[in-house]
Amino acid sequence: MTIVEEPLLPGCLYVVATPIGNLGDLSPRARSVLARVDGICAEDTRTSGQLLAQFGIQQSLLALHEHNEDRIAARVVADLAAGKTLALVSDAGTPLVSDPGYALVKAVREAGGELRAIPGPSALIAALSVAGLPTDEFRFAGFLPAKPNARRERLRALAAETATLVFYEAPHRIVECAEDLASELGAGRLVCLARELTKRFEQSVRLPAGELAAWLKADDNHQRGEFVLVVAGAPAGEAGSVVSAEQTLRLLLKELPPSRAARLAAELTGAKRKALYERALQLGGAAEETAGDIAD
């Protein structure tokens with residue numbers, strides 16, 4: 001194989017992946033395209049400007065972020081129709097992967113415009129490649145909700161998913177997220193936490209979900225950086241029972257106190273009564289516990 005500088009297509013939007021931490025990961029092709037297009041749509045013009053400066057590239061930058069994307073998309077489509085060649089970049093990694101760009105790419109597609117991908121760094125793929133968990137099927141869920149109740153609800157909705165799960169998480173929520181992974185998906189679920197990928201202090205560790213929060217708390221440095229969580233999917237044979245037990249317990253809690261609801265749910269589904277009782281306490285019930293129920 002040889003590296004050939006390709007001619008740029010007039011009226012084409014190039015979607016260009018940029019480094020997630022190590023400048024050496026900007027490909028020669030990406031560098032060439034960014035240097036020759038008529039302009040670049042960037043999530044943050046300051047961040048992208050600094051990246052381009054590292055490579056001696058001077059370019060016209062247009063801010064395109066979640067608050068203005070719909071409005072800017074029409075302008076970009078018009079520029080492409082006029083024959084301009086443009087690029088789209090995010091602050092780091094591959095655009096559209098938990099980053100702005102979807103509305104723009106969709107608009108270009110709908111207008112019949114040309115699109116080309118310039119592949120490269122992605123924290124999602126990098127984390128999967130070192131997790132030691134199945135990669136034949138995976139489900140990327142982006143960032144979990146910031147609010148605890150919404151985050152736990154989202155995890156419960158994913159509890160029966162048999163494909164490997166991948167999440168992004170912020171440092172100030174990583175401990176709470178780890179605790180919720182254990183409570184909602186089970187303490188035995190394997191989780192690979194990868195942080196600061198491609199950067200100086202890159203680190204990845206694979207632990208049962210029930211041990212992850214303690215590992216994070218053991219050293220403040222473990223809570224620094226940008227995080228990707230790769231979580232083992234539910235065992236195929238257990239996926240149906242996870243949903244059945246949860247649904248059964250919720251229905252019983254509408255009429256019964258937690259202990260009785262857990263006991264009946266265990267009998268009906270075969271799930272472990274202790275786990276169901278702990279879950280019932282989290283969910284709450286429609287009736288108060290009696291002394292007999294508690295002793296039961």
Here the salt bridge (Lys or Arg N to Asp or Glu O under 4.0 Å) pairs for residues 108-131, sequence neighbours left out, are K106-E110, E114-R116
Same apolar cluster: F227 and V230, side chain cutoff 4.5 Å | no
Would a hydrophobic clustering, with Ile, Leu, Val, Met, Phe, Trp and Tyr connected at side-chain separations under 4.5 Å, put L133 with V228?
-> yes
Apply side-chain contact (heavy atoms from CB on, under 4.5 Å) to L229 and Y168, showing your working.
-> CA-CA 6 Å; L229 294 162; Y168 288 166; over 6 Å; no
Would V231 and T164 satisfy side-chain contact (heavy atoms from CB on, under 4.5 Å), going step by step from the backbone distance to the final call?
-> CA-CA 6 Å; V231 184; T164 298; over 6 Å; no
Exercise: identify the closest heavy-atom pair between L197 and A126 | CD1-CB, 4.2 Å
Rounded to the nearest 0.5 angstrom, the CG-CG distance for L13 and L115 is 5.5 Å
Distance-only donor-acceptor hits, side chain of residues 134-142, under 3.5 Å, sequence neighbours excluded:
unit_1, atom_1, unit_2, atom_2, d
R139, NH1, E161, OE1, 3.1

Distance in Å, L185 CG paired with L190 CG, rounded so as to fall on 0.5 Å steps = 12.0 Å
What are the two closest heavy atoms between A265 and L252, and how far apart are they?
-> N-CD1, 3.6 Å
Is L193 reachable from L155 through a run of I, L, V, M, F, W or Y residues, each pair having side-chain heavy atoms under 4.5 Å apart?
-> yes
Shared hydrophobic cluster, V166 / I125 (ILVMFWY, side-chain heavy atoms < 4.5 Å) | yes
From NZ (K254) to CG (L249), nearest 0.5 Å | 11.5 Å
ILVMFWY network linking L86 to V15, side-chain heavy atoms under 4.5 angstrom = yes
Could you note down all residue pairs passing salt bridge (Lys or Arg N to Asp or Glu O under 4.0 Å) where residues 38-52 supplies at least one of them, sequence neighbours left out?
-> D44-R46
ILVMFWY cluster membership beyond V89 - transitive side-chain contacts under 4.5 angstrom = L8, L9, Y14, V16, L23, L26, V33, L34, V37, I40, L51, L52, F55, I57, L61, I118
Mind checking what makes side chain to side chain donor-acceptor pair (under 3.5 Å) contact with E211, not counting sequence neighbours?
-> none
Output all residues satisfying side-chain contact (heavy atoms from CB on, under 4.5 Å) with H222, sequence neighbours left out; order by chain, then residue number.
-> Q203, W215, L216, D219
Sort and list the pairs that fulfil salt bridge (Lys or Arg N to Asp or Glu O under 4.0 Å) and have at least one residue in residues 8-21, not counting sequence neighbours.
-> none
Can you list the steps and then say if R36 with S32 is a side chain to side chain donor-acceptor pair (under 3.5 Å)?
-> CA-CA 6 Å; R36 291 184 293 134; S32 173; 3.1 Å; yes
Sorted by chain and residue number, the side-chain contact (heavy atoms from CB on, under 4.5 Å) partners of E196 (sequence neighbours excluded) come out as K199, E226
Could you name each residue pair satisfying salt bridge (Lys or Arg N to Asp or Glu O under 4.0 Å) that touches residues 76-88, not counting sequence neighbours?
-> none
Determine the minimum heavy-atom distance between L281 and P258, stating which atoms define it.
-> CD2-CB, 4.0 Å
Mind checking what makes side chain to side chain donor-acceptor pair (under 3.5 Å) contact with Q282, not counting sequence neighbours?
-> R279
Atom pairs and distances, side-chain donor-acceptor, residues 92-102, under 3.5 Å, sequence neighbours left out:
unit_1, atom_1, unit_2, atom_2, d
T94, OG1, P121, O, 2.8
D99, OD2, S90, OG, 3.2

Identify every side-chain donor-acceptor pair in residues 170-178 under 3.5 Å, counting partners at least two apart or on other chains, and give the distances.
unit_1, atom_1, unit_2, atom_2, d
R173, NE, E169, OE1, 3.1
R173, NH2, E169, OE1, 3.3
E176, OE1, R151, NH2, 3.2

Could R29 and E6 be called an ion pair, given the rule that one side-chain N must be under 4.0 Å from one carboxylate O?
-> yes
